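Some notes on the structure that comes next.
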There are 2 protein chains.
Amino acid sequence: MTRVGGRGGSPAAPRSVDVARRAGVSQKTVSRVFNGERYVSDEVRRRVLEAAEELGYRMNNAARALASGRSRTIGVVTLGTALYGPASLLIGVERAARDAGYAIRVVNTLEGEPGGVARAVESLLEQGVDGIVVSEPIDEGSVALSVDVPVLVLGAPAALGGSRTVAAGVGAESLARAATEHLLDLGHVTVHHLAGPQGWFAARDRLGGWRAALSARGREQPPVIVGDWSAESGYTAGREFASAGDVTAVFAANDDMAIGLIRALTEAGLRVPEDVSVVGFDDIPIAAYVIPPLTTMRQPFDAVANDGIRLLVQAIEKPDAEPAPAHDPPVELVVRASTAPPPTRPPIRKTPARGRRTTSDSRSSGSAQLPAAGDGPPTTS
Amino acid sequence: MTRVGGRGGSPAAPRSVDVARRAGVSQKTVSRVFNGERYVSDEVRRRVLEAAEELGYRMNNAARALASGRSRTIGVVTLGTALYGPASLLIGVERAARDAGYAIRVVNTLEGEPGGVARAVESLLEQGVDGIVVSEPIDEGSVALSVDVPVLVLGAPAALGGSRTVAAGVGAESLARAATEHLLDLGHVTVHHLAGPQGWFAARDRLGGWRAALSARGREQPPVIVGDWSAESGYTAGREFASAGDVTAVFAANDDMAIGLIRALTEAGLRVPEDVSVVGFDDIPIAAYVIPPLTTMRQPFDAVANDGIRLLVQAIEKPDAEPAPAHDPPVELVVRASTAPPPTRPPIRKTPARGRRTTSDSRSSGSAQLPAAGDGPPTTS
DNA sequence: GTGAAAGCGCTAACAA
DNA sequence: TTGTTAGCGCTTTCAC
């Protein structure tokens with residue numbers, strides 16, 4: 001294996017010995033300089049850097065990882081979806097990790113693929129990552145992985161993984177509760193909920209928050225419709241809500257569904273917010289520009305990512321230190337034009353619902369419904 | 001350096017020698033089995049696999065990379081934005097790469113940071129990637145990087161990087177042209193353009209396609225307004241278009257801007273599509289559910305990613321083979337409800353524009369404008 | 001402050 | 001079909 005470079009001319013990449021020779025020092029000294037270690041005189045440091053520059057030296061990370069047992073790489077398991085939440089989280093994680101001196105490896109789990117997280121984690125472990133981030137995992141029934149690196153779970157309880165697991169993420173439950181309370185404060189007798197897919201912890205938390213807000217005021221808990229985060233599922237749900245006839249306020253578990261929902265409501269002749277108020281969740285960038293502008297709960301994705309990576313890096317680098325508490329990231333209800341006090345009388349449908357499947361008030365058509373939990377006394381309007 | 005494992009008990013991870021010993025074969029044979037090489041008897045293979053299983057053996061990729069000079073990793077440089085396009089591309093790239101047996105490293109470039117791509121590429125090279133994907137780069141003036149691995153440029157000409165550069169991406173120009181022609185076919189005398197930031201190749205291509213469509217029919221090219229992809233910038237532009245008074249059709253360079261645009265138009269009392277038609281670009285998932293549902297050009301992100309990775313992997317593994325031609329991915333104009341024939345008379349503003357800054361017809365207020373290129377004779381309506 | 005020597009766990013080239 | 005022998009380019013340990 002002669003060191004002359006692979007195909008066609010390009011000479012082999014310079015190694016630290018080459019730099020050392022040129023700078024007239026030992027290879028170890030080059031290593032010291034590039035790792036920012038102490039005990040290198042300024043003069044030597046300068047010479048080394050200069051020689052490296054001249055040679056176009058680039059450190060070989062595979063060798064470094066092999067020798068040190070650490071790769072300075074964090075693996076990220078994320079859903080393969082362009083949804084705003086997961087995408088934002090990924091960006092935040094990359095940034096925070098890079099700031100901490102770590103590179104990122106990404107593996108997407110295929111949607112609906114059972115055991116996907118386990119397989120993804122396994123492949124990352126094989127790549128030799130120092131830590132793992134599992135972003136917005138779907139509950140696959142506690143995946144007992146034998147992970148020997150710290151794990152950060154974003155947007156879910158630290159249930160997953162082993163002993164060295166930390167979690168971050170704003171308590172979606174309290175956010176959902178605040179969103180629901182906003183509607184109640186406006187005077188709505190109760191609030192309907194368009195939930196996310198219940199495999200997602202985030203969706204369950206939001207459902208829980210909604211329930212809590214309603215229970216706290218002794219309000220009825222109407223049947224929940226479950227969507228899949230998409231505007232399309234929001235649209236389907238919206239048709240059901242519209243045909244129910246008694247809906248004045250809906251809390252949707254994300255903005256996309258809220259948008260689909262509003263469209264269905266509008267098509268059915270219901271005005272938002274005059275007849276029905278809608279609040280979303282996430283504050284996606286276009287939320288302020290849809291018609292009507294959406295009242296929604298802003299999620300501090302960046303803060304969550306930063307906080308989580310801070311925890312993870314600490315777990316990697318100081319495994320024995322007390323796990324620092326997660327900050328509570330700032331949270332904000334953005335009130336725009338999709339919420340208002342309820343109509344004084346039950347909403348009158350202005351024009352016949354287009355393509356409506358049923359004229360009855362039955363709520364049991366089509367998509368999945370959760371049983372109404374709790375049983376506050378029905379309130380008269 | 002005793003092999004007893006780091007802190008507190010957990011024994012060192014098993015190596016291939018350990019597996020070899022247990023299976024009663026040489027270390028090299030274990031290597032052969034795990035690399036799927038030929039010339040291993042089924043019996044031996046079975047014993048090795050069994051031993052590995054019992055030991056919980058996992059291959060060390062750092063060592064593999066060091067010894068082989070290849071990391072089976074592709075580096076991806078992408079914009080740090082949750083925009084639908086880049087996010088979708090990233091997901092597609094990850095999938096395609098994984099299918100080809102490569103892992104992914106991701107580095108985001110900070111927006112507006114000059115030299116960001118160069119720095120990102122540099123850091124990936126240091127990580128020892130076998131190839132690099134640059135997704136939707138911003139034109140920074142041909143960044144002459146000394147890259148010694150193949151580079152795939154997505155959504156831009158293969159200008160970047162060195163000799164071993166391939167490119168993929170649907171010709172945005174022809175798509176933009178088709179979008180514009182759709183409007184022209186509907187009967188609009190001319191079509192206005194709300195462009196993306198001109199640092200992006202994608203934005204320039206769309207502008208070019210719009211120009212080409214107009215020129216081909218000898219139509220006037222109205223001044224262009226330049227946005228930044230956000231709904232907010234679309235909204236700002238929409239106010240300008242509204243106050244211009246003579247706009248009947250707008251082609252927006254992406255869906256987000258189109259949505260902001262429609263809102264501004266609506267606020268100004270213009271109806272979409274009765275008074276003004278709008279077509280977007282991307283077909284983001286909610287495009288079908290905004291009000292009105294958006295006519296838009298669907299981008300085949302998955303096909304582009306697949307095609308690109310195929311090219312890149314070929315360049316990595318068979319550097320001497322003829323670079324296979326990029327497929328032309330399927331493309332589709334999705335006609336929904338935001339486009340219609342022009343009004344028979346110039347649009348009448350129904351209600352006074354809210355918060356309008358000027359009552360004149362001047363188009364020169366506020367945001368950036370490109371000079372009108374070409375000079376087709378003004379057409380009378 | 002600096003250097004010499006000994007690996008890290010694997011693949012490559014060659015033997016057998 | 002299988003084994004042997006050298007490294008890959010760093011970090012680590014310990015000596016100076």
Side-chain angles (χ1 to χ4, degrees), chain A residues 1-6 11-48 51-52 55-73 125-128 130, chain B residues 1-6 11-48 51-52 55-73 125-128 130:
Chain A
M1 199 180 276
T2 42
R3 290 196 33 83
V4 193
R15 302 151 300 165
S16 57
V17 258
D18 301 324
V19 175
R21 222 175 337 257
R22 185 167 188 119
V25 298
S26 79
Q27 183 274 328
K28 172 67 221 186
T29 298
V30 175
S31 170
R32 284 206 178 89
V33 169
F34 275 84
N35 285 299
E37 286 174 32
R38 286 161 318 179
Y39 304 133
V40 184
S41 69
D42 287 355
E43 161 58 12
V44 168
R45 182 181 307 272
R46 198 191 52 67
R47 283 210 328 264
V48 168
L55 259 27
Y57 170 70
R58 215 149 32 208
M59 171 133 96
N60 179 325
N61 262 276
R64 198 238 271 269
L66 177 58
S68 69
R70 296 204 21 212
S71 61
R72 299 206 138 274
T73 294
L125 254 16
E126 199 158 289
Q127 304 294 327
D130 293 341
Chain B
M1 201 178 276
T2 41
R3 289 195 34 80
V4 194
R15 300 151 302 163
S16 57
V17 260
D18 301 325
V19 175
R21 225 178 332 259
R22 185 168 188 117
V25 297
S26 79
Q27 183 273 330
K28 173 69 217 184
T29 297
V30 175
S31 171
R32 284 208 178 88
V33 170
F34 275 86
N35 284 300
E37 287 175 33
R38 287 159 319 180
Y39 304 133
V40 183
S41 68
D42 289 353
E43 162 58 12
V44 169
R45 183 180 306 273
R46 198 191 51 67
R47 283 209 327 263
V48 168
L55 259 28
Y57 170 71
R58 212 147 36 204
M59 175 137 92
N60 179 326
N61 262 276
R64 197 240 271 269
L66 177 57
S68 69
R70 294 200 26 209
S71 60
R72 299 206 140 271
T73 294
L125 253 18
E126 199 158 291
Q127 305 293 326
D130 293 341

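Treat the numbers as computed from the prediction; the structure is a model and nothing was measured. So that the names make sense, note that chain A is the first sequence line, chain B the second, and so on, each numbered from 1.
Here A/R64 contributes atom CZ and A/N35 contributes atom CG; the two are 5.0 Å apart, rounded to the nearest 0.5 Å. For the atom pair CZ (B/R15) and CG (B/L55), the distance works out to 10.5 Å, reported to the nearest 0.5 Å. To the nearest 0.5 angstrom, B/T29 atom OG1 is 8.5 Å from B/Q27 atom CD. Here the CE-OG distance, from A/M59 to A/S31, works out to 7.0 Å after rounding to the nearest 0.5 Å. The CD atom of A/E43 sits 5.0 Å away from the CZ atom of A/R47 when rounded to the nearest 0.5 Å.
A close approach under 4.0 Å does not occur between any side-chain nitrogen or oxygen of B/S68 and OP1 or OP2 of C/dC10. In terms of phosphate contacts, B/S26 brings a side-chain nitrogen or oxygen within less than 4.0 Å of OP1 or OP2 of D/dG3. For D/dC10, one of the phosphate oxygens OP1 or OP2 lies less than 4.0 angstrom from a side-chain nitrogen or oxygen of A/Y57. A sub-4.0 Å separation between OP1 or OP2 of D/dC10 and a side-chain N or O of A/S16 is present. Look at A/S31 and you'll find a side-chain N or O under 4.0 angstrom from OP1 or OP2 of D/dT11. Contact between the side-chain N/O atoms of A/T29 and the OP1/OP2 oxygens of C/dG3 is found at a separation under 4.0 Å. Applying the 4.0 Å criterion to OP1 and OP2 of C/dC10, one finds that B/R64 has every side-chain N and O outside that range.
Summarising the geometry, the separation between CD on B/E43 and P on D/dT2 is reported as 9 Å, rounded to the nearest angstrom. One interatomic measurement links the two molecules: CG of B/N60 to C1' of C/dC10, which rounds to 7 Å at whole-angstrom precision. In this structure, A/R72 atom CZ and D/dT11 atom P are separated by 11 Å, rounded to whole Å. What separates CZ of B/R21 from P of D/dT2 is a distance of 19 Å, to the nearest Å. When the P atom of C/dC8 is taken as reference, atom CG of B/D18 falls 11 Å away, rounded to whole Å. Atom CZ of A/R46 and atom P of C/dT2 are 13 Å apart (whole Å). To the nearest angstrom, C1' of D/dT12 lies 11 Å from CD of A/Q27. For the pair A/K28 NZ and C/dG7 P, the interatomic distance rounds to 17 Å; values are reported in whole Å.
Relative to the side chain of A/R15, the nucleotides D/dG9, D/dT11, C/dC10 differ in distance, and D/dG9 lies closest. Looking at the side chain of A/A67, the nearest of the listed nucleotides D/dT13, C/dC8, C/dA12 is C/dC8. Listed nucleotides D/dT12, D/dT2, C/dG9 differ in distance to B/S41; the shortest reach to its side chain belongs to D/dT2.
Considering only heavy atoms from C-beta on, A/R32 stays 4.5 Å or farther from A/V44 through its side chain.
Among the duplex regions that DNA chain D forms, those built from at least three successive Watson-Crick or G-U pairs under 3.5 Å are C:1-16 with D:1-16, ordered by first number.
At a cut-off of 3.5 angstrom, the base of C/dG1 holds no donor-acceptor pair with the side chain of A/R45. A donor-acceptor contact under 3.5 angstrom links the side-chain atoms of A/R32 to the base of C/dG3.
At the heavy-atom level, B/N61 lies nowhere under 4.0 Å from the strands shown. At a threshold of 4.0 angstrom between heavy atoms, the contacts of A/V17 with the nucleic acid are absent. Among the atoms of the strands shown, none is found under 4.0 Å from any heavy atom of A/F34.
Not one N or O on the side chain of A/R58 forms a donor-acceptor pair closer than 3.5 Å with the backbone of B/E126. A donor-acceptor pair is defined here as one N or O able to donate and one able to accept, closer than 3.5 Å; no such pair exists between the side chain of B/S16 and the backbone of B/V30.
Looking at which nucleotide of DNA chain D each of B/V44 and B/L66 is closest to, the 5′-most match is held by B/V44. Each of B/A63 and B/D42 was matched to the nucleotide of DNA chain D holding its nearest heavy atom; the match closer to the 5' end belongs to B/D42.
For the residue pair B/N61/B/R72, the side-chain donor-acceptor check at 3.5 Å is not satisfied.
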